[in-house]
Structure formats: structure tokens, C-alpha cells
Trainee: 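Let me begin by handing over the structure; questions about it come next.
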Amino acid sequence: MSELEAKDKPSNFIRDAALEDLKSGRYKGIVTRFPPEPNGYLHIGHAKAICLDFGLALEFGGRCHLRFDDTNPAKETTEYVEAIKADVRWLGFDWGPHLYHASDYFDRLYEWAEALIKKGLAYVDDLTPDQVAEYRGTLTVPGRESPYRNRAVGENLDLFRRMRAGEFPDGSKTLRAKIDMAAGNLNLRDPVMYRIRKTAHHRTGDTWCIYPMYDWAHGQSDSIEGVTHSLCTLEYEDHRPLYDWYIQALGIYAPRQIEFARLNLSHTVMSKRKLLQLVEEGLVSGWDDPRMPTLAGLRRRGYTPGAIRDFCERIGIAKADNLVDIALLEHCLREDLNLRAERRMAVLRPLRLIIENYPEGHAEELDAVNNPEDPGAGTRKVPFARILYIEQDDFRDPPPPKYFRLSPGVEVRLRYAYIVKCTGVERDAAGQVTTVRCEYDPASRGGDARGRKVKGTIHWVSAADAVDAEVRLYDHLFTAPKPDETEDWKTLVNPRSLEVLRGAKLEPSLAGAKAGDRFQFERQGYFSVDSRDSAPGRLVFNRAVGLRDTWAKIEAKT
RNA sequence: UGGGGCGUGGCCAAGUGGCAAGGCGCGGGACUUUGGAUCCCGUAUUCGGAGGUUCGAAUCCUCCCGCCCCAACCA
């Protein structure tokens, strides 16, 4: 059994429980399931659950099912089903042949409902929704029994069959479990098992007009599939007694439900309702807006599945409410991309640089390293000429303290090219710098300072060879770490969460970049080709995450 | 005033009677043809609080305080 423990992944109480259950023989292997309702897109919080569910199964050589919890046809669509499948696959997990739907079990669930009726454990109730609420009592006041609670088994059976046959209008009757109207746990006050909904289901069509409630469907679905550990979030802790009650009343195989705290991420919102609101009210461009915490959004932004998995591993699994700093997510992406993304030079806000002593009409190609972290990535040629573009931020007159970049009379290295010295500036009528002039040292080709101290190295692009692109810079979607906290959370949307730069100049090797390609733009950050708006000849890049910016910190302090 | 949970540094989080892991962040330094990366160093005499048990407590007991979830025919 020690073999099971010899893993280097961080432990958590769920993994420990699984280990115990194996040791004690309660279960022979590990079977988990990820059970999304297809009524929205998956987000980073779901990724935590997916990594837990699939990760646990993988670790113990078990299996993890993908099961759609599709018991509410009014809200669920195949569009969401497909999007969810794509997201789980993209994250890197495989459910193999184990794709299921709660709706696969509608027949079985129905039979089980009749079985409960026959045992006198369920009854058809005629109370209206308002009455049901009223009879339920409150948190501190016990509920009252429905006047229909003690109907005879035969009458219940007859009524239930007629409910299924469509004889009664929507909402007019329910099937309820007969448990305890005085229970402190409201879930046990005769929970509804079935409601009448004459709505077509995306998979079963018009076959049914009664649909099972979550509690009645979930545990039994787990049981049917032989799930051992049914992992869910804390708000279902109160449902566990009901989960167990149904299983026991039916006398069927019993999985074990264990709850953990859901993920809260700073500077964003995570509830499906709020995400949907952002989309519907046009505060973002859609579910896959690169600012969204959805997997579709993160993917489009340029996040890698590996970075997200790493993040999910690092945040841990526990039961305490939490608010994880989004900086950790960003860190995980940088760490992943630092090793894998090829470097390129791109000038986001161009400023013209003229090298006065560089022969007019002359041109050459210089060698640039594709990835200093990965020698195998090789090198490439970058064209150099008399007129270049440099970043507006890389020239200051006068220079602030500790500024290492270009300013009048100062030397700086053009990455992989030459050492240049600023000799002059041209300004427009408003005093804005329009062109910077400089002289280069022909002997410093490649950037060799030959013993000189050159503190600054800046990136550049040859003006004549540059490729134009649109670059979208993203920042946190919300200005507050916990926008959820306030009623008017929508006013907290960061007005600078998206900045569009239309005049960016890229080195020519970027001309053929394909949707989804990721690069590090030297000294700036990691960027990926937008999968929706980019096209050959009209490149659009998204900034996935910026590089650590030490200068920004220094400047902010002075 | 009912039921279920949770409280370890700024944020996550190990630890479950033997003397506070780790990560992010933050601060400092080294190195550097990305002010990137990397590498060092620092960052809780203390575990929500107060009592108690014990040679010894974040871990056990008692009381108190705070926070979260539950009153959809949603999941």
C-alpha cells in the first residue's frame, strides 16, 4: 500500500480519504466524475474541480467520467455540451468511453421513484410552489406536513403515472420524498423529486414531461456508474444527508460524497450568473473574451493548459473559504511560457530612430536567439537598416533617475545589433518627440560592447521591413480584488482592462504567425495570435501576460 | 433563536501531541546583450480569543468570538 503513497504531488484531505478507503477496503479502486450542468461555459473554478476529479483518478489508476447533469431542459443546450467537452479536452483530460448524461438514467430513475412510492417513502403532492415554500417553514421554524402527504400507495402510484403521462399541467403536482418536515436540515423536509415541465430536452426530446431534481438524480447517477468518490463544492455539504438517504432507501451501491471549497479568484467574478450578465450586457465581447475567467477566454488570451493545471495544483484543496490572488495564475503562465515561447521583437508604440552614420540604402541581417532558455529553438535573422522603430517608453528627455534607456548623449544597445548613442531629437509643434537621432558604433555589431558599460538594451524593428499589427493589452477585468462583495459590482469593471494598439510594428518573421501561436515579445510579455479576429495580412495579438516589470516598480517608487 | 461548515504570515496552504513545510506576493543582493530568466538572503517567538489537560499543545478538552452556506418545482 505504500506504493500508493509514494507520490510527490501535494496531498490534501480528499486524497488522504481516498487512500484510507482503499486501505480499508471500502472501495477497490478510484472512480470519480466531473458533472457539469450544460447551462454555461466552464471557468477556472471548474478547472480546479476537473483537475481534482481527473487527477485523483489518474493518480490511483482509476477512471473519471464526464457526466452532464442535464435535468433541467429549460436551461441546457447542446451548444454548452460541446463547448464543455472541448474545454475539458483542451485542459488535457480524457474521459475515454465514459461520457454520460443524467438523462441516460431517466428510465431507471423513474423506476426507482415508483419503488420508493411502493415503500411508502414518496408521495405525490398537489401543493402549489408558494404553498410548498410556506409549508417548508423557515430556518428556525419547523415545517408542516402537506395535507397530501399520507395518500395511499395506490393513489400515489396512479397519480405519478399520470404525471408522467402528461395529464397534469406544469407545476401542478410534484413527487416528494417522505422524510421529515421538522428536520433542521431543510433539504430533508420532504424534498421534491420530480416536477412537471412540458419542455423538450436537448437529448430526450419530448419523451418526458416530468424531470428529476438534482438531488434525486445525482447520487443515483453516481451509484449507477460505480463512482467511489463524488467530489463537489461546500454548498452541497447540506445535501449529503439527502444523497445518502436516497441511496440507502433504494438499497443500492453507495458512493461517498466529499466536499471542498470552491475557488475564488481575485479581480474577477466566477458565478455563472454574473458571467452571463457580463456577456449579455455587452460588458465583454462574449464567453471567450480574453478578459473572462472562462477556459474559452483564457485559451483565447493565450493561456496554456499546462499553466492552468499547474495553478490548480498550487492552490491546493481545502475547506476554508479562499480568495486566490490572480498574480499566482499569471505567475504560472509566465513560468510555462518562459521555457517554451520563442522570442520576437515587436514595437508596440513606435518612435522613429534614425542612425545618422549608417549608410543610406544599406541593409543587413543580424542573428537573434529564438529562446535563451532553450538552445534547441535555434536562431533567426532579423533585418537591420538606417531607420528603425523603437518603443516610445525607451526614450526619455530628460531621463528620470536610474533610467537605463535612451536619452540625449546616452548610449544604449540595440538588442542583437549595435551600440548607439543619441545625438538629437526632433519634436513637433506640441513638443512631442517625433524622431530620435543617433550614431552607431560599427564595431559593436551583434551588440558587443567590447568592455564598455552599456546598461540598457532595447528592442527595435526595421521600419522598412516591419509588419503592422493590432495588439490588445489586457488588464484585470475588475479594479477591486473582490468585486462580488458589492451590489454594484458591475461599476467595478476596469475601464482599462482592454487597450487596443493599432500601430504596432513587428519584426517580419512574425508575418506568418497563426491563430493561437504564442511568442514572447522581448522585454514586454507573452502574446498570442487572436483566434477570432486575426487573419493573414491583418494580424491581431493578445497580450496573455506581461513580463515582470522591475523598472515600473522603481519608477513608481521615485 | 435551526442545521451544516470554516478560522495557521498580505494571499493560498502543509502540519492532527514533540518544539511552525512550501508557493505566490513583498523587500534586499548577485548575475545578465530581455530592468526578462536564474540564483542567494529576508519576510508568523506563533497558529481567531480565553481558560484547562500535559514534561511538552496549532494539534486534546471547555467556553467565547468571527466568517461562509442552506428557506428554487436551479444545479
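Treat the numbers as computed from the prediction; the structure is a model and nothing was measured. Reminder, nothing fancy here: chain letters follow the sequence lines and each chain counts from 1.
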Trainee: Only pairs with both distances under 3.5 Å count, Watson-Crick or wobble alike; so what is the partner of B:G42 in this structure?
Mentor: B:C26
Trainee: Taking atom C1' in both B:G48 and B:C67, what distance in whole Å separates the two?
Mentor: 10 Å
Trainee: Is any side-chain nitrogen or oxygen of A:R314 closer than 4.0 Å to OP1 or OP2 of B:G25?
Mentor: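 No, outside the criterion.
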Trainee: Of the nucleotides B:A75, B:A37, B:G35, which has the atom closest to the A:R195 side chain?
Mentor: B:A75
Trainee: Could you tell me the Watson-Crick or G-U partner of B:C6, where both distances fall under 3.5 Å? Say none if there is no partner.
Mentor: B:G66
Trainee: For the P atoms, the ones on B:C12 and on B:A50, what distance do you get once it is rounded to whole angstrom?
Mentor: 23 Å
Trainee: Looking at B:A71, which nucleotide sits across from it as a Watson-Crick or G-U wobble partner, both distances under 3.5 angstrom, or is there none?
Mentor: none
Trainee: Counting any heavy atom closer than 4.0 Å, what does A:L175 reach on the DNA or RNA strands: base, sugar-phosphate only, or nothing?
Mentor: nothing
Trainee: To the nearest Å, give me how far apart CD (A:E313) and C1' (B:C12) are.
Mentor: 14 Å
Trainee: Which is true for A:Y236 with a 4.0 Å heavy-atom rule: it touches a base, it touches only sugar-phosphate, or it touches nothing?
Mentor: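 Touches a base.
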Trainee: At 4.0 Å (heavy atoms only), tell me whether A:R176 reaches a base, stays on the sugar-phosphate, or touches nothing.
Mentor: nothing
Trainee: Need one value for A:R189: base, sugar-phosphate or nothing, where a base atom within 4.0 Å counts as base even if backbone is also close, heavy atoms only.
Mentor: nothing
Trainee: Considering the options A:R344, A:R415, A:H459, which one meets the side-chain hydrogen bond (donor to acceptor under 3.5 Å, both in side chains) requirement together with A:E522?
Mentor: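 That would be A:R415.
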Trainee: May I ask you to say what A:L323 touches in the nucleic acid, namely base, sugar-phosphate or nothing, with a heavy-atom cut-off under 4.0 Å?
Mentor: sugar-phosphate
Trainee: Does B:A13 have a Watson-Crick or wobble mate here (both distances under 3.5 Å), and if so which one?
Mentor: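 WC or wobble partner does not exist here.
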Trainee: If we require ring centres under 5.5 Å and near-parallel planes under 30°, does A:W551 stack on B:G35?
Mentor: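 One would call A:W551 stacked on the B:G35 base.
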Trainee: Could you check whether A:R548 gets within reach of a base, just the sugar-phosphate, or nothing at all, counting any heavy atom under 4.0 Å?
Mentor: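 Sugar-phosphate only.
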Trainee: Under 4.0 Å, counting only non-hydrogen atoms across every strand here, what does A:D238 touch: a base, just sugar-phosphate, or nothing?
Mentor: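 Answer is base: heavy atoms of A:D238 come under 4.0 Å of a base.
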Trainee: With a 3.5 angstrom cut-off on both distances, give the Watson-Crick or G-U wobble partner of B:C60, or none if there isn't one.
Mentor: B:G52
Trainee: Checking contacts here: which listed nucleotide (B:G5, B:C74, B:G3) is nearest the side-chain heavy atoms of A:L234?
Mentor: B:G5
Trainee: Output the single nucleotide from B:A75, B:C70, B:G4 whose closest atom is nearest the side chain of A:E237.
Mentor: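 Closest nucleotide among those given: B:G4.
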Trainee: What is the separation between atom CD1 on A:I258 and atom C1' on B:G5, rounded to the nearest whole Å?
Mentor: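 Between C1' of B:G5 and CD1 of A:I258: 15 Å.
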Trainee: What is the nucleic acid contact for A:Y135, judged by heavy atoms within less than 4.0 Å: base, sugar-phosphate only, or nothing?
Mentor: nothing
Trainee: Quickly work out the A:I390 CD1 to B:U34 P distance and round it to whole Å.
Mentor: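 Rounding to the nearest Å, CD1 of A:I390 and P of B:U34 are 17 Å apart.
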Trainee: Pick base, sugar-phosphate or nothing for A:K482, based on heavy-atom distances below 4.0 Å to the nucleic acid.
Mentor: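 If one applies the 4.0 Å heavy-atom cut-off, A:K482 turns out to touch nothing in the nucleic acid.
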Trainee: For B:A37 and B:C24, measure between their P atoms and round to the nearest Å.
Mentor: 11 Å
Trainee: Within the 4.0 Å heavy-atom criterion, would you say A:T457 contacts the bases, only the backbone, or no part of the nucleic acid?
Mentor: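 Answer is sugar-phosphate: A:T457 comes under 4.0 Å of backbone atoms only.
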Trainee: If you measure from the Lys or Arg side-chain nitrogens to the Asp or Glu carboxylate oxygens, is any gap between A:E235 and A:R262 under 4.0 Å?
Mentor: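 Salt bridge between A:E235 and A:R262, a charged N being under 4.0 Å from a carboxylate O: yes.
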Trainee: Using 4.0 Å as the upper bound for N to carboxylate O, is an ion pair formed by A:E364 and A:R445?
Mentor: yes
Trainee: Could you report the tightest heavy-atom contact between A:P212 and A:L109, atom names first, then the distance?
Mentor: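 Heavy-atom minimum between the residues: CG-CD2, 4.3 Å.
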Trainee: Checking contacts here: which listed nucleotide (B:C73, B:A13, B:G5) is nearest the side-chain heavy atoms of A:A318?
Mentor: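 Closest of the options to the side chain of A:A318: B:A13.
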Trainee: Are OP1 or OP2 of B:A13 and a side-chain N or O of A:K319 less than 4.0 angstrom apart?
Mentor: no
Trainee: Mind checking A:H218 for me? I need base, sugar-phosphate or nothing, with any heavy atom below 4.0 Å counting as a touch.
Mentor: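 Here A:H218 touches no strand at all.
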Trainee: Atom CG of A:L263 to atom P of B:A13: distance rounded to whole Å?
Mentor: 10 Å
Trainee: Determine the interatomic distance between P on B:A20 and the same-named atom on B:U45; round to the nearest Å.
Mentor: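 After rounding to an integer number of Å, I get 12 Å for this pair.
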Trainee: Would B:A21 be called syn or anti here, given the cut-off of 90° from 0?
Mentor: anti
Trainee: With rounding to whole Å, what would you report as the distance between B:G22 and B:G17 at their C1' atoms?
Mentor: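 About 23 Å, rounded to a whole number of Å.
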Trainee: Any base atoms under 4.0 Å from A:P372, or only sugar-phosphate, or nothing? Heavy atoms, all strands.
Mentor: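 Touches a base.
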Trainee: Hey, is the side chain of A:H459 poking within less than 4.0 Å of OP1 or OP2 on B:U34, counting only N and O atoms?
Mentor: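 Answer is no, no contact under 4.0 Å.
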Trainee: Separation of A:D215 atom CG from B:A71 atom P, in whole Å?
Mentor: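 Atom-to-atom, A:D215 to B:A71, this comes out as 12 Å.
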Trainee: Output the single nucleotide from B:G36, B:A71, B:C74 whose closest atom is nearest the side chain of A:M213.
Mentor: B:C74
Trainee: Given B:C12, B:G15, B:U34, identify the nucleotide with an atom nearest to the side chain of A:D16.
Mentor: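 Nearest nucleotide to the side chain: B:G15.
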Trainee: Among B:C74, B:A37, B:G27, which nucleotide has an atom closest to any side-chain atom of A:N338?
Mentor: B:A37
Trainee: Is the distance from OP1 or OP2 of B:C74 to the nearest side-chain N or O of A:T71 less than 4.0 Å?
Mentor: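 So the side chain of A:T71 is outside the cut-off, no N or O lying under 4.0 Å from OP1 or OP2 of B:C74.
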Trainee: Rounded to whole Å, how long is the line connecting atom OH of A:Y80 with atom C1' of B:A75?
Mentor: 14 Å
Trainee: When the C1' atoms of B:G7 and B:C41 are compared, how many Å lie between them, rounded to an integer?
Mentor: 32 Å
Trainee: Quantified in whole Å, what is the C1' atom distance between nucleotide B:U32 and nucleotide B:U38?
Mentor: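 Between the two C1' atoms, the distance is 9 Å.
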Trainee: Verify the contact: side-chain N or O of A:T550 to OP1 or OP2 of B:G36, cut-off strictly under 4.0 Å; return yes or no.
Mentor: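 Answer yes for this pair, as a side-chain N or O of A:T550 is under 4.0 Å from OP1 or OP2.
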Trainee: Do A:R396's NZ or CZ and the ring of A:Y403 fall within the cation-pi criteria of under 6.0 Å and 45°?
Mentor: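 Judged by the rule (NZ or CZ under 6.0 Å from the ring centre, within 45° of its axis), A:R396 counts as positioned above A:Y403.
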Trainee: Below 4.5 Å, heavy atoms only, C-beta onward: do A:M213 and A:T71 meet side chain to side chain?
Mentor: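 They are not in side-chain contact.
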Trainee: Within the pair A:R136 and B:C73, is there a side-chain N or O less than 4.0 Å away from OP1 or OP2?
Mentor: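 So the side chain of A:R136 is within the cut-off, an N or O lying under 4.0 Å from OP1 or OP2 of B:C73.
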Trainee: If every non-hydrogen atom of A:Y211 is compared with every non-hydrogen atom of A:A200, which pair is closest and at what distance?
Mentor: OH-C, 4.2 Å
Trainee: Which nucleotide, B:A37, B:G3, B:C11, lies nearest any side-chain atom of A:D325?
Mentor: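 The answer is B:C11, which lies nearest to the side chain.
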Trainee: Can you tell me if A:R523 touches the phosphate of B:U32, counting only side-chain N or O atoms and a distance under 4.0 Å to OP1 or OP2?
Mentor: no
Trainee: For the NZ atom on A:K198, are there more than 12 heavy atoms of other groups (residues, nucleotides or ligands in this structure) within a distance under 6.0 Å?
Mentor: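 Correct, the count exceeds 12.
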Trainee: Kindly point out which of B:G2, B:G36, B:G27 is positioned nearest to the side chain of A:K557?
Mentor: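 Among B:G2, B:G36, B:G27, the one nearest the side chain of A:K557 is B:G27.
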Trainee: A:I317 near the nucleic acid: base, sugar-phosphate alone, or nothing, with a heavy-atom cut-off under 4.0 Å?
Mentor: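 It contacts sugar-phosphate atoms only.
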Trainee: Give one of base, sugar-phosphate or nothing for A:N39, where a contact means two heavy atoms less than 4.0 Å apart.
Mentor: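 The answer is nothing, as A:N39 stays clear of every strand by at least 4.0 Å.
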Trainee: How many whole angstroms separate atom CD of A:E330 from atom P of B:G36?
Mentor: 17 Å
Trainee: Please determine whether a side-chain nitrogen of the Lys or Arg among A:K421 and A:D441 lies less than 4.0 Å from a carboxylate oxygen of the Asp or Glu.
Mentor: no
Trainee: Pick the C1' atom in B:U46 and in B:U59, then give their distance to the nearest Å.
Mentor: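 So the two C1' atoms sit 14 Å from each other.
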Trainee: Compare side-chain N and O positions of A:K553 against OP1 and OP2 of B:C26 and report whether any pair is under 4.0 Å apart.
Mentor: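 For A:K553, the contact criterion (side-chain N or O under 4.0 Å from OP1 or OP2 of B:C26) is met.
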Trainee: Determine the interplanar angle of the A:Y236 and A:Y214 rings, folded into 0 to 90°, and report it as parallel if under 30°, tilted if 30 to 60°, perpendicular if over 60°.
Mentor: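 Tilted: the ring planes of A:Y236 and A:Y214 meet at 30° to 60°.
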Trainee: Between B:A37, B:C69, B:G25, which nucleotide has the shortest distance from any of its atoms to the side chain of A:E373?
Mentor: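 Of all the options, the side chain of A:E373 is nearest to B:A37.
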